[in-house]
Structures are given as C-alpha cells and as structure tokens.
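Here is how names work: the chains are called A, B, and so on, in the same order as the sequence lines, proteins then strands, and each is numbered from 1. The basis for the numbers below is simple: all heavy atoms, side chains too, and nothing from hydrogens, waters or symmetry mates.
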Amino acid sequence: MSGFLQRWGVFVVLVALWEAAARFAEDAYFPPPSRIAEAAAELWFSGTADTLFLTDVVFDHVVPSVQRLLIGWVIAGVVGVALGLALGRSERAMQYCGPLLTFMRSIPPPALVPVFLLIFTLGTQMQLATIVFGIVWPILLNTVDGARSVDRTKVETSAVFRVPRTQWIFGVVLPAAAPKIFAGLRVSLSLSLVLMVISELVGTDNGIGAQMLLAQREFEFPDMWAEIVLLGVLGYVFNTVLLAVEHRALAWQPKQEHAPTGTTTTPAAVATAGAK
Amino acid sequence: MTTMLEVADLGHTYQAKSGAHTAIDGLSFRVDAGELVCVVGPSGCGKSTLLRTISGLIRPTRGDVTLHGDAVRGVPEDLAVVFQDYSRSLFPWLSVQRNVEFPLKRTLKRAERRARAAEALDQVGLSGAGGKYPWQLSGGMQQRVAIARALAYRPALLLMDEPFASVDAQTRFELEDLLLKVKREHDTTVVVVTHDIDESVYLGDRVLVLTKSPASVVADLPVNLPAVRDQITTREAEEFVELRAEVARLLNVGKTEAITAKRRSDEAQAAKWVAAERAANRERADREAVAD
Ligand SMILES: Nc1ncnc2c1ncn2[C@@H]1O[C@H](COP(=O)(O)OP(=O)(O)O)[C@@H](O)[C@H]1O
Ligand SMILES: [Mg+2]
C-alpha cells in the first residue's frame with residue numbers, strides 16, 4: 001500500500017507542478033491539467049443519465065477506436081502465436097522463413113499505410129491491416145523463441161509417453177512458450193495503440209487519432225491534450241489488465257523467476273519496437 | 001521365461017558438426033519378462049544412448065531392438081522412461097498430480113486418471129504433495145514424481161537412466177527398495193542404467209557391464225541373491241561382495257583409478273602421521289635437552 005502511495009504521490013506532485021507552471025506561463029499550446037480535465041469532461045462525460053453520462057463522441061469515436069485496436073490485437077495474437085508455434089517447432093520452416101521474417105519486421109509499419117490505402121477500402125479494413133501488420137512481429141518472433149525453448153528432455157518425455165499432437169502443442173509447447181508469448185503480447189499492445197492513432201490520421205475523421213488531429217487544426221488545444229491523456233489512460237489500463245492475466249496464467253513460475261520476465265524483456269523489446 | 005527385450009548387434013554413431021562419434025558399438029543382450037537388468041558402465045560410455053535407441057527415440061545406425069517380438073520403430077506402446085535429467089523431465093507448469101496424470105490423458109478418463117496418479121504418488125511416499133509444483137520440491141522428491149509418473153503409466157518395460165544418481169544416500173536406499181517392491185508386485189520388466197557398482201548388484205537380477213566408449217557388453221553376470229533384498233544384510237552377503245568386486249574388476253579402468261586414489265590418500269595420511277610423530281619426538285628431545 002505504501003508502494004502504491006509512493007508511486008501515485010510522485011505522479012500527483014508532478015501534475016501539481018505542471019499545473020502551477022502552465023498557469024504561470026499562460027501558453028495556449030500548453031494548457032494547465034485542470035483545463036485539460038475540464039475539456040475531457042466536456043468531451044466525454046457530459047452526456048445524459050441514460051448513457052451513464054457518456055457523450056456521443058465516446059460512442060462514435062472512442063469505442064470504434066478501441067474496438068479496432070482490440071480486434072487487431074486479437075487477430076495479431078492468434079496469427080502470431082499459431083504461426084510462431086509452427087515455425088518454432090520446425091527447423092526447416094525457420095530456415096526458409098527466417099530471413100523473410102527479419103525483412104518484413106524491419107519495414108516500419110506506418111510506411112505501409114499508403115499501400116494498405118490502395119489495397120483495402122478506406123476506414124476499418126485499412127486500419128485493421130495497419131495495426132495487425134505492425135504488431136504481429138513481436139508476438140510471432142517471441143512465440144518462435146518460446147517454442148524453440150522446449151528442451152530436449154521434455155521433447156523426449158512427450159515422445160516416450162506418446163503424447164498426442166494436440167496435447168503436445170497445447171500441453172507442452174504453448175505453456176513452455178507462454179512467458180515469451182506474454183512478453184510479445186505486451187509489446188504489441190503498446191504498439192497497437194501507436195498504430196491505431198497513426199492509421200486514424202489519414203483518410204478518416206473517425207477515431208481518437210482523427211479527433212486529436214481535428215482539435216489541433218481547430219486550435220482546440222485542451223481537447224487535443226485531453227485526447228493524448230486518454231491514449232495514456234487506455235495504454236495504462238490495457239497493460240494493467242494484461243499484466244493481471246499474465247500473472248494468473250504464469251502463476252506456476254517460481255517467484256524469483258517471474259520478476260525478470262516482467263522487467264527485463266519488456267524495456268528492451270519496447271526499445272526495438274519504438275525504433276521502428 | 002518369455003523374452004521381453006532383445007538387443008542385437010546394436011550400434012549408434014552420432015553425426016555432429018565436429019565429426020562422427022560412435023557412442024555404442026555392437027551391443028547384444030536380452031531381457032526376460034519380469035527381469036530387472038542393471039547396465040553399468042563408466043560415464044560417457046553411451047548408456048543414455050543405449051536407452052534412447054531401445055525406447056525408439058533415436059534410430060540406431062546398426063543392429064536391431066526387438067520388444068515383445070516386434071522390431072522397435074519409433075516409441076513403442078507401454079514403455080516408460082525415467083530420464084537422467086528428472087528436473088527437466090517434469091513440466092513446471094503442471095502440479096505434481098497433473099504431471100503424473102499427463103501421460104494418462106490419452107488412454108484414461110479423468111476419474112481413473114486421478115485415482116491412478118494418487119495411487120502412484122502414494123507408492124513413492126508423496127501422497128501429500130499432489131497440489132505442489134515441481135520446483136517446490138527437493139531434487140529427491142522431484143525424482144520420485146518422475147518415478148511415480150512412470151509407474152502410473154504401468155509400462156511393460158520400464159527404462160531408468162541413472163535414476164538415483166543425484167539424490168542423497170538415504171533417499172537412494174528408499175527409492176531402490178521402492179523400485180524392487182514395485183517390480184515384484186507388478187511384474188514389470190526393468191532396465192536400470194547406472195554407474196554405481198553397488199547399486200547395480202543390489203538392484204539387479206543380472207548385471208550387464210559395458211566397456212568404455214564406444215560401449216559394448218563385456219560381461220553379463222547373473223546375481224544369485226534372494227529376490228527380497230535388504231539394504232544391510234544383502235550388502236554384507238558374500239555373493240554381493242564378490243559380485244561387486246567382479247564388476248569393479250570388469251570396469252577395470254575405473255577400479256584401478258579408485259585404488260590409486262585410495263592408496264594415494266592412504267599414503268598422504270601416513271606421511272602426515274609420520275611427520276606429526278617426528279615433530280613430537282623432536283619437541284620432546286628439545287625439552288629434555290633444556291632440562292639437562
Ligand atoms: N546428440 C548427440 N550428438 C553427438 N554426440 C552425442 C550426443 N549425445 C551424446 N553424445 C556423445 O555420446 C557419448 C555417450 O553419451 P551418453 O550416451 O549420454 O553417455 P552416458 O549416458 O553413458 O554418460 C558421449 O561422448 C556424448 O558426448
Ligand atoms: Mg547418461
């Protein structure tokens with residue numbers, strides 16, 4: 001509990017400092033947090049009681065954005081894990097596909113937005129394609145890594161007991177790869193937020209990204225900042241939920257081993273992901 | 001007695017990047033149903049390789065393995081292996097109970113599986129540990145789980161690769177006796193690989209002695225000890241002592257090494273004793289000189 005107070009204490013102090021500085025500077029580009037909070041309340045929470053005070057903007061822009069993000073993430077998760085398990089357990093497949101994978105993941109996903117604009121219809125399809133293509137790599141490559149990590153003794157144990165194929169995949173390879181898969185999923189989740197915004201910056205007026213751009217063009221800076229804060233909150237919430245799921249799913253890990261997977265893989269992976 | 005396992009002129013050569021390595025060469029022996037055969041050989045001589053070829057995990061480069069009269073191609077039905085590296089052989093994401101149930105999923109319904117696993121855990125003295133994860137157990141207990149898993153599977157042929165090598169002496173004795181009891185009760189055919197001479201004689205109905213790498217059979221010694229054995233009286237029996245010496249002699253190199261090591265330590269001990277004695281004498285002489 002004191003850890004909780006400490007963490008949020010620092011946060012509150014910083015916001016207060018920002019508030020003071022912004023009021024003092026009176027710069028239109030940098031409104032104080034209180035002004036941003038007002039704008040946020042006006043934007044999203046000034047609805048009627050029958051919609052729990054949520055505004056139309058929430059239903060027309062925030063919800064569709066979040067939907068695209070989550071659907072894209074789930075698709076990337078399923079595709080990435082399935083392909084990753086297959087590739088990770090096949091030496092030969094990896095020899096053939098390895099270079100291609102490295103090449104594909106090196107392409108900065110936003111660079112493909114124009115291509116997806118041509119291939120897919122504007123809007124949801126193109127946005128989903130951008131998100132999925134952009135975030136599938138960390139999941140795929142982490143899953144490959146995890147699937148490869150099944151040691152020889154476990155392979156032989158499963159073979160000796162003639163474990164059927166589905167039990168082998170879901171009972172051995174998947175759990176063995178799970179810590180790596182979760183690391184990939186976490187990186188992808190933060191990445192998906194980035195790509196969701198980017199995919200909404202072109203050719204649409206729907207979604208959080210589009211709304212943010214609109215606010216900026218119309219000099220509604222508190223609104224623009226409110227959208228940025230919203231993205232931060234969304235990222236935080238998604239990550240917290242995923243971490244909770246991960247802790248449950250990986251509860252079998254010895255405690256001292258668990259902490260490093262949470263802390264060491266992510267920053268490095270985020271750094272590489274951020275470099276794209 | 002029917003023949004359970006027949007190994008004929010078996011050889012395996014590993015093809016590694018660093019070159020070919022012949023691990024076993026021209027091994028032949030047979031194991032009758034219900035027999036417990038111990039395979040002794042020096043470390044690295046190819047014992048694990050032998051078990052891998054018998055269990056169909058790797059295909060031998062020459063020779064044949066026959067189980068119940070059928071040539072082994074791939075892993076045969078009703079065969080279980082207790083691996084040398086038991087901690088890796090258990091699945092860390094499954095509880096002890098579920099680890100034991102794991103191989104039974106293919107053949108048994110949930111309730112039967114449960115009962116079978118509970119029974120096996122009880123046999124190895126781990127009835128209370130079913131809900132724990134393997135990493136919460138000591139090495140010896142983990143090895144018991146691996147043994148319980150093999151027992152619950154009720155194999156016709158049980159292969160064990162240095163199963164008691166890394167547990168303490170007390171646990172080893174218990175597990176050895178457990179194995180003998182289970183083997184008697186279920187009439188399981190067992191092949192135990194070990195590098196421990198005493199263990200091979202204590203456990204075996206027969207002891208196969210292997211040469212240094214590449215392994216082949218030097219001797220096939222029957223053990224004429226009573227079926228029910230006792231950690232103290234059996235080990236004192238004349239037959240036991242003689243056989244142990246015989247196996248040690250056959251393992252030649254290992255034996256001479258052991259003897260030289262013992263002699264060296266004896267000599268060192270003696271030298272130390274002589275030095276201490278001399279020092280004491282000198283001191284006494286000095287004291288007497290002063291007194292004069
Ligand atoms: N997969 C492998 N590839 C190449 N050489 C191997 C492999 N496995 C074992 N060996 C070699 O074969 C020899 C016998 O190994 P092993 O059967 O494990 O011996 P033991 O079990 O008697 O200690 C060793 O020299 C080892 O280095
Ligand atoms: Mg070995």
> Side chain, backbone, both or neither: which part of B:Glu77 has an atom under 4.5 Å from a heavy atom of chain A?
Replying inline: both
> Does B:Trp135 reach the side chain of A:Gln253, with side-chain heavy atoms less than 4.5 Å apart?
Replying inline: no
> Tell me, side chain or backbone of B:Leu90 under 4.5 Å from chain A's heavy atoms, or both, or neither?
Replying inline: backbone
> What distance separates A:Arg162 CZ from B:Asp78 CG, expressed to the nearest 0.5 Å?
Replying inline: 8.5 Å
> Counting only heavy atoms not in B:Tyr14, do more than 12 sit closer than 6.0 Å to its OH atom?
Replying inline: yes
>> Looking at every non-hydrogen atom in both residues, tell me the closest pair between B:Phe102 and A:Gly171 and how far apart they are.
In response: CE1-O, 4.1 Å
> Taking the six-membered ring for Trp, are the ring centroids of B:Tyr153 and A:Phe161 within less than 6.0 Å of each other?
Replying inline: yes
> Do B:Arg88 and A:Arg152 have side-chain heavy atoms sitting under 4.5 Å apart?
Replying inline: no
>> Run A:Thr157 and B:Ser89 through side chain to side chain donor-acceptor pair (under 3.5 Å) and show every step you take.
In response: CA-CA 6 Å; A:Thr157 302; B:Ser89 168; 3.2 Å; yes
>> For A:Glu91, I'd like to know if atom CD has over 12 heavy atoms of other residues, nucleotides or ligands within 6.0 Å.
In response: no
> Side chain, backbone, both or neither: which part of A:Val155 has a heavy atom under 4.5 Å from chain B?
Replying inline: neither
> For the residue pair A:Lys154 and B:Pro92, what are the closest heavy atoms and their distance?
Replying inline: CE-CD, 3.6 Å
> Is any side-chain heavy atom of A:Val160 closer than 4.5 Å to a side-chain heavy atom of B:Phe83?
Replying inline: yes
> At a heavy-atom separation under 4.5 Å, does A:Ala176 approach chain B through its side chain, its backbone, both, or neither?
Replying inline: both
>> So for atom CZ, which belongs to B:Arg62, do other residues, nucleotides or ligands contribute more than 12 heavy atoms lying within a distance under 6.0 Å?
In response: yes
>> Does any backbone or side-chain atom of B:Pro155 lie under 4.5 Å from a heavy atom of chain A? Answer side chain, backbone, both or neither.
In response: neither
>> So which residue, B:Arg106, B:Lys105, B:Gln84, ends up with the most heavy-atom pairs under 4.5 Å with chain A?
In response: B:Arg106
